[in-house]
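One structure is given here, and the rest of the page talks about it.
Both ligands and their constituent atoms are indexed starting at 1 by order of listing.
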Amino acid sequence: MDAKPRHRAWFESLHDPSERYGLDEVVYTARDGGLLQVVHDMGELRKTSGDGWKRLFEERAHKNEWPYGSGVWGKKEWVCPEIDNENVVSMYEGHSNLFWAERYGRELGIEDLWIKQCGNSHTGSFKDLGMTVLVSMVKEMIARGKQIPAVACASTGDTSAALSAYAAAAGIPAIVFLPRGKISVAQLIQPVANGAMVFALDTDFDGCMEIVKQVAEKDGIYLANSMNSLRIEGQKTVGIEIIQQFDWEVPDWFVIPGGNLGNVSALAKGIDLLLELGMISRKPRIVCAQAEAANPLYLSYQRDFRVFEPIAARPTLASAIQIGNPVSYEKAVEALRRYDGIVEQATEAELAEACAHADRTGLFNCPHTGVALAATKKLAERGTIRKGDRVVVISTAHGLKFVDFKVRYHSMTLDDIAPELPNPPIELEARYQTVRDEMWRQIERRFPNGRAR
Ligand SMILES: *Cc1c(COP(=O)(O)O)cnc(C)c1O
């Protein structure tokens, strides 16, 4: 057992700093109905110098001392300091690779383009970063004698996969509410395989959200959606980790896809800490990218965030961000204001082509990452992002979770999209001469003068 930790954190109302709750209390919203945020005892964090934190984080990275080898728990003091290490539920998430997209960047006219591969994670999306914190806190609460019958979430797919895996690892019952027929097969099979109670409801994400809020309120089921700000604490490590991967140099831009808007808020919150603790001195800019079919933040940005109107999100290939009434809207606006933010959008054709183009350079993108890539391209074309700027696109999930989308793209069966870069298999009889002729035809077509086009 650890000695009693020095570092402390608590829930606090966004609007009233005197309204506070312990992180082991079952509470999701403030008395005024707004969200809570996790606030850390900054006095205590400041007792360690910026260089001291850097050394500590670097020492822990890629080592195996439980639980500090996790990219999230390696920053435990900044994330959720009061959990007993024995109650941490971790798959050693984080430490995902930061890929220099040299060839793709050159083709977009950005020399210093990087993709943070958050999908290279236990359940294939960045949702693991937040879920490890939430499920660990549930395990801690149960150890402290709290009655928690189960943990539940509404999900567009990836949240339920993460919840199901972490809850299964901890032996805690998990319940997921999914919009029937609106998520990918891979996303559905993960909670099924992990033994969660899977409810496929005849509604959309926002409808599932209404149900989960009711079972949380009326039945004491613990709510695992990102309105529970514990998740934000884990997710906020992504920006810190990226800056650490650049030896504490700050990139010029972060581009991140947004649906419920927890992740963009989390990204900013992590960078806030680096600034407050004097570990960096420059601010990056943040771009939040939305699908045009689900763009309430984009519409609000068009009006300087003066008004916000929830919309009915239309179907999009980027199904994890098909959200019309984002719960973290207010936090996201604050975040974008602090980081000179931009909101951009991408149509279905734009996101599909961005994925396909980037895949041609060795990536394997999910459609949400496609939204961010398409936004990056537009900003580069407009000259907002300049040639020499260092740009980091946050890839939120692994492309393998969304193969149905890629199969349809390459077999040219997507509705209303005429693919520009389809690459269907070439079907031939198994005869050397036939194969040989076609092979050379293809090589010459694709690599004229022996060079990639
Ligand atoms: C959840 C999710 C998002 C959106 O994150 P928000 O916090 O809801 O804005 C983007 N991409 C993928 C793959 C996701 O699973």
Side-chain angles (χ1 to χ4, degrees), residues 35 96 115-131 134 153-163 165 176 178-179 182-184 186-188 190-191 205-206 208-209 224-236 238-239 254-270 286-291 294-298 313 316-333 335-336 341 343 345-346 351 355 364-375 393-402 405:
L35 289 186
S96 56
I115 318 276
K116 174 67 168 169
Q117 298 282 31
C118 294
N120 293 357
S121 182
H122 187 72
T123 70
S125 87
F126 78 84
K127 296 295 199 295
D128 292 348
L129 300 175
M131 205 54 82
L134 184 135
C153 71
S155 175
T156 52
D158 293 323
T159 301
S160 55
L163 172 62
V176 305
L178 302 169
K182 294 198 175 75
I183 66 168
S184 77
Q187 289 175 313
L188 178 63
Q190 288 180 297
F205 170 80
D206 298 295
C208 290
M209 199 61 223
N225 279 95
S226 63
M227 68 185 288
N228 185 329
S229 48
L230 284 171
R231 287 204 13 226
I232 303 296
E233 291 311 287
Q235 288 173 206
K236 82 179 182 195
V238 70
F254 284 97
V255 186
I256 185 167
N260 227 351
L261 306 179
N263 210 25
V264 63
S265 316
L267 171 67
K269 194 163 188 265
I286 294 180
V287 180
C288 185
Q290 291 209 296
N295 63 353
L297 184 70
Y298 177 79
T316 165
L317 294 165
S319 50
I321 55 176
Q322 187 187 333
I323 294 174
N325 190 12
V327 68
S328 294
Y329 169 79
E330 185 186 341
K331 285 184 182 176
V333 170
L336 291 167
V343 185
Q345 66 176 359
L351 76 88
C355 273
F364 194 73
N365 294 290
C366 78
H368 322 87
T369 305
V371 170
L373 295 173
V393 171
I394 308 228
S395 173
T396 46
H398 202 293
L400 282 175
K401 293 185 96 170
F402 299 88
F405 147 69

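- Of the N or O atoms in Asn260, one or more lie within a sub-3.5 Å distance of an N or O in ligand 1.
- Looking at Ala320 next to ligand 1, no N or O pair under 3.5 Å apart turns up.
- Contact annotation: for Lys127 versus ligand 1, heavy atoms closer than 4.0 Å belong to the side chain alone.
- Between Lys401 and Ser125, the closest heavy-atom pair is NZ-CB, 4.3 Å.
- Among protein heavy atoms, the minimum distance from atom 5 (O) of ligand 1 is reached at Phe126 CZ, 3.5 Å.
- Put simply, the residue from Leu261, Val287, Val343 that forms a side-chain contact (heavy atoms from CB on, under 4.5 Å) with Leu336 is Val343.
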Test log, rule side-chain hydrogen bond (donor to acceptor under 3.5 Å, both in side chains), inputs Thr123 and Asp128:
CA-CA 7 Å; Thr123 70; Asp128 292 348; 2.6 Å; yes
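- Judged by distance alone, with hydrogens and angles left aside, the side-chain atoms of Asn260 form no donor-acceptor pair with the main-chain N or O of Gly262 at under 3.5 Å.
- Side-chain N or O atoms of Lys269 include none that pairs as donor or acceptor with a backbone N or O of Glu233 at under 3.5 Å.
- Of the candidates Thr159, Leu261, Ile323, Ile256, Leu261 brings a heavy atom nearest to atom 6 (P) of ligand 1.
- Using a distance-only test at 3.5 Å, with no hydrogens or angles considered, a donor-acceptor pair links the side chain of Arg231 to the main chain of Ala224.
- Scanning Ile321, Asn225, Leu297 for the heavy atom closest to atom 4 (C) of ligand 1 points to Ile321.
- Gln290 pairs in a side-chain contact (heavy atoms from CB on, under 4.5 Å) with only one of the listed residues (Thr316, Val371, Ile321, Asn295), which is Asn295.
- Close approach to Asp158 involves these atoms of ligand 1, each under 4.0 Å from a residue heavy atom: 12 (C), 13 (C), 14 (C), 15 (O).
- For ligand 1, the atoms sitting less than 4.0 Å from at least one non-hydrogen atom of Gly262 are 6 (P), 7 (O), 9 (O), numbered in the order shown with element in parentheses.
- Looking from atom 12 (C) of ligand 1 to the surrounding protein, the closest heavy atom is Thr396 OG1, 3.3 Å.
- Close approach of ligand 1 to Gly258 (heavy-atom distance below 4.0 Å) involves ligand atoms 9 (O).
- Of all protein heavy atoms, the one closest to atom 7 (O) of ligand 1 is Asn263 N, 2.8 Å.
- No side-chain heavy atom of Pro326 sits under 4.5 Å from any side-chain heavy atom of Leu297.
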